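Heads up, the thing below is written out as structure tokens.
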Amino acid sequence: NVEPRSVPVFPWHSLVPFLDSSQPG
Amino acid sequence: PAAAAPGSNPSHFMKGAIIQLATGELKRVEDLQTQDFVRSAEVSGGLKIDSSMVMDIRSSQQRPGLVSLHFTVGEQQSKVTIDVPPEHPFFVFGQGWSSCSPERTAQLYGLTCHLLQVGDMCVSITLQQQQ
């Protein structure tokens with residue numbers, strides 16, 4: 001028997017950088 | 001300003017990787033479009049999409065092999081620098097996945113990319129400011 005393997009699911013926000021815009025440069 | 005490096009798990013960007021939008025919809029990473037990010041941020045509550053313009057691209061002084069990307073972020077025009085591998089993909093508004101080395105991105109992830117260039121507007125996220 002082959003056990004079903006779960007496919008990983010990634011959240012959308014893991015694909016784009018978190019850049020803090022709260023402090024003007 | 002603080003900057004968090006993009007996710008370190010490269011499997012996010014493997015062609016065929018399943019991505020869950022904030023709407024619950026599932027898409028393959030190579031099929032994502034600008035509107036998917038915009039809509040996800042709208043319904044996520046707490047996260048905001050920012051436009052981050054690429055101002056400069058050069059080899060990292062501190063970390064050989066990496067590329068230093070200089071951005072101005074959001075309405076505040078904050079200056080943020082991050083060091084990433086040249087194959088790291090960024091999502092450019094209206095264009096799609098782009099990296100400093102599309103060839104390496106294709107080799108490592110199988111993901112088709114444009115060449116990331118100065119002036120490109122990348123999708124980034126920040127925490128939503130409470131008014």
Side-chain angles (χ1 to χ4, degrees), chain A, chain B residues 1-9 11-14 16-27 29 32 36-41 43-44 46-52 55 69-82 84 88-91 97 122-127 129:
Chain A
N1 287 347
V2 178
E3 291 191 17
R5 297 175 65 184
S6 61
V7 178
V9 177
F10 302 102
W12 69 275
H13 52 76
S14 66
L15 294 169
V16 290
F18 181 88
L19 301 177
D20 183 0
S21 65
S22 62
Q23 301 175 46
Chain B
S8 58
N9 188 344
S11 55
H12 295 192
F13 297 117
M14 292 293 286
I18 305 297
I19 308 301
Q20 183 164 39
L21 307 182
T23 56
E25 186 182 357
L26 299 177
K27 279 199 165 189
V29 64
L32 291 172
D36 293 324
F37 292 100
V38 173
R39 201 167 344 112
S40 285
V43 303
S44 68
L47 291 178
K48 178 168 74 84
I49 290 285
D50 261 334
S51 301
S52 296
M55 302 303 288
L69 294 173
H70 298 251
F71 292 100
T72 54
V73 183
E75 297 172 0
Q76 305 273 349
Q77 298 285 290
S78 312
K79 291 183 172 61
V80 175
T81 301
I82 57 175
V84 296
H88 191 97
F90 291 86
F91 201 92
W97 293 114
C122 296
V123 173
S124 65
I125 50 175
T126 55
L127 291 177
Q129 298 288 318

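What you are looking at is a predicted structure, and each value in this text was computed from that prediction instead of being measured. In what follows, every chain begins at residue 1, and chains take the letters A, B, ... in the order their sequences are listed.
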Is chain A contacted by the side chain of Leu26(B), its backbone, both, or neither, given a heavy-atom distance below 4.5 Å?
side chain

Leu21(B) and Phe37(B), any side-chain heavy atoms less than 4.5 Å apart:
no

If you define the side chain from C-beta out and look only at heavy atoms, does anything of Lys27(B) sit under 4.5 Å from Asp36(B)?
yes

Can you tell which part of Thr72(B) gets under 4.5 Å to a heavy atom of chain A, answering side chain, backbone, both or neither?
neither

Tell me every residue that passes side chain to side chain donor-acceptor pair (under 3.5 Å) with Thr126(B), counting only those two or more places apart in sequence or in another chain.
Asp50(B)

Does His13(A) have any side chain to side chain donor-acceptor pair (under 3.5 Å) partners at least two apart in sequence or in another chain, and if so, which?
none

Using non-hydrogen atoms and a 4.5 Å limit, figure out which bit of Ser124(B) sits close to chain A: side chain, backbone, both or neither.
both

So which part of Ile125(B) gets closer than 4.5 Å to some heavy atom of chain A, the side chain, the backbone, both or neither?
both

